[in-house]
Novice: 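I have a structure here, written as structure tokens, and I will follow up with some questions on it.
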Amino acid sequence: MGESAKTPQPPYYAVVFTSQRTDGDRGYGKMAEKMEKLASQQQGFLGIESARDSGLGITVSYWESLEAIRNWKENSAHKFAQEKGKEEWYKNYTVRICKVERVYSFEMGFVK
């Protein structure tokens, strides 16, 4: 897993996309990269985090507002990717939209 997304102070929104993939890539990897790049260019996008093991994938994208999330959902290229996902790439998925109201974290310090 890569770095955590750098988000502002709450409140903001998180879209949690949990999925199980079908076998094989069939263009999924390239499309996922394209969608992440496109999302990052959308007004209101704050960041993204993603992890996948052999079966379960979880991607969390962060947004300034519900309107920004709606606009991303309706983006024509994203809509195309959504349809491909239903036809070819996912056995199932769930989308959860959450309001982030509080954040705290821990980062291990370094001993000099």
Side-chain angles (χ1 to χ4, degrees):
M1 185 172 171
E3 281 188 34
S4 294
K6 306 293 186 229
T7 53
Q9 289 299 310
Y12 54 87
Y13 292 86
V15 176
V16 182
F17 180 79
T18 306
S19 64
Q20 290 188 313
R21 288 277 320 279
T22 56
D23 294 330
D25 183 80
R26 295 186 307 279
Y28 176 83
K30 283 187 177 186
M31 183 64 81
E33 287 178 20
K34 181 178 176 181
M35 289 300 102
E36 185 172 337
K37 182 176 180 181
L38 183 61
S40 72
Q41 298 168 356
Q42 302 303 299
Q43 185 171 347
F45 177 83
L46 300 173
I48 193 166
E49 299 165 334
S50 189
R52 177 169 292 283
D53 69 9
S54 60
L56 180 68
I58 301 172
T59 298
V60 183
S61 59
Y62 300 98
W63 300 86
E64 289 179 354
S65 66
L66 292 173
E67 180 182 12
I69 293 168
R70 271 191 299 276
N71 290 340
W72 170 238
K73 183 174 178 19
E74 294 302 318
N75 177 285
S76 61
H78 186 214
K79 285 179 87 73
F80 175 77
Q82 291 170 49
E83 289 306 312
K84 289 282 284 185
K86 290 175 187 174
E87 294 169 6
E88 295 185 39
W89 297 321
Y90 297 115
K91 292 179 184 175
N92 59 67
Y93 67 80
T94 302
V95 178
R96 296 172 177 92
I97 299 174
C98 315
K99 184 175 184 180
V100 178
E101 295 184 350
R102 193 176 96 162
V103 173
Y104 59 92
S105 59
F106 166 81
E107 186 172 333
M108 181 183 248
F110 296 100
V111 178
K112 292 185 180 184

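Position 1 is the first residue of the sequence; numbering continues from there. Treat the numbers as computed from the prediction; the structure is a model and nothing was measured. Only heavy atoms go into these numbers, but all of them, side chains included; no hydrogens, no water, no symmetry mates.
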Novice: Taking only residues two or more places apart in sequence or in another chain, which ones pass side-chain hydrogen bond (donor to acceptor under 3.5 Å, both in side chains) with Lys86?
Specialist: none

Novice: When rounded to the nearest 0.5 angstrom, what is the spacing between OH in Tyr13 and CG in Leu66?
Specialist: 4.0 Å

Novice: Using side-chain hydrogen bond (donor to acceptor under 3.5 Å, both in side chains) as the criterion, list what pairs up with Asn92, not counting sequence neighbours.
Specialist: Gln20

Novice: Test of understanding: with salt bridge (charged side-chain N to carboxylate O under 4.0 Å, His left out), list the residues that count as partners of Lys79, not counting sequence neighbours.
Specialist: Glu74

Novice: Can you list the steps and then say if Leu38 with Trp72 is a side-chain contact (heavy atoms from CB on, under 4.5 Å)?
Specialist: CA-CA 9 Å; Leu38 183 61; Trp72 170 238; 3.8 Å; yes

Novice: How long is the straight-line distance from CD of Gln82 back to CG of Asn75, given to the nearest 0.5 Å?
Specialist: 9.0 Å

Novice: With sequence neighbours left out, what residues match Lys6 under salt bridge (charged side-chain N to carboxylate O under 4.0 Å, His left out)?
Specialist: Glu3

Novice: Can you check side-chain hydrogen bond (donor to acceptor under 3.5 Å, both in side chains) on Arg52 and Ser19, steps first, answer last?
Specialist: CA-CA 9 Å; Arg52 177 169 292 283; Ser19 64; 2.8 Å; yes

Novice: Minimum heavy-atom separation for Gly44 to Ala68, with atom names?
Specialist: CA-CB, 3.9 Å

Novice: Would you say the ring centroid of Trp63 lies under 6.0 angstrom from that of Tyr12?
Specialist: no

Novice: Kindly check if the number of other-residue, nucleotide or ligand heavy atoms within 6.0 Å of CD (Glu87) is above 12?
Specialist: yes

Novice: Check whether any side-chain N or O of Glu49 sits under 3.5 Å from a backbone N or O of Ser4 as a donor-acceptor pair, and report yes or no.
Specialist: no

Novice: In chain order, what residues pass the ring pair (Phe, Tyr, Trp, His ring centres under 6.0 Å) check against Tyr93, with sequence neighbours excluded?
Specialist: Phe17, Tyr90

Novice: I'd like to know if Phe80 and Val95 are part of one continuous hydrophobic network [Ile/Leu/Val/Met/Phe/Trp/Tyr, side-chain heavy atoms within less than 4.5 Å].
Specialist: yes

Novice: Identify the heavy atoms of Ala14 and Val100 that sit nearest to each other, and give their distance.
Specialist: CB-CG2, 4.0 Å

Novice: Return the minimal non-hydrogen interatomic distance between Arg21 and Tyr28, and the atom names on each side.
Specialist: NH1-CD2, 3.0 Å

Novice: Taking all heavy atoms of Phe45 and all of Ser61, pick out the closest pair and write down the distance.
Specialist: CE1-CB, 4.5 Å

Novice: Using a 3.5 Å distance criterion without hydrogens, assess whether the side chain of Thr22 forms a donor-acceptor pair with backbone atoms of Lys91.
Specialist: no

Novice: Between Ile48 and Glu36, is there a side-chain heavy-atom distance shorter than 4.5 Å?
Specialist: yes

Novice: Identify whether Ile97 and Met35 are in the same connected component of the hydrophobic contact network (ILVMFWY, side-chain heavy atoms under 4.5 Å).
Specialist: yes

Novice: For Glu88, which residues count as a salt bridge (charged side-chain N to carboxylate O under 4.0 Å, His left out) partner, sequence neighbours excluded?
Specialist: Arg26, Lys84

Novice: How close do Pro11 and Lys99 get, counting heavy atoms only, and between which atoms?
Specialist: CB-CE, 3.7 Å

Novice: How many angstroms lie between SG in Cys98 and OH in Tyr62, if you round to the nearest 0.5 Å?
Specialist: 9.5 Å

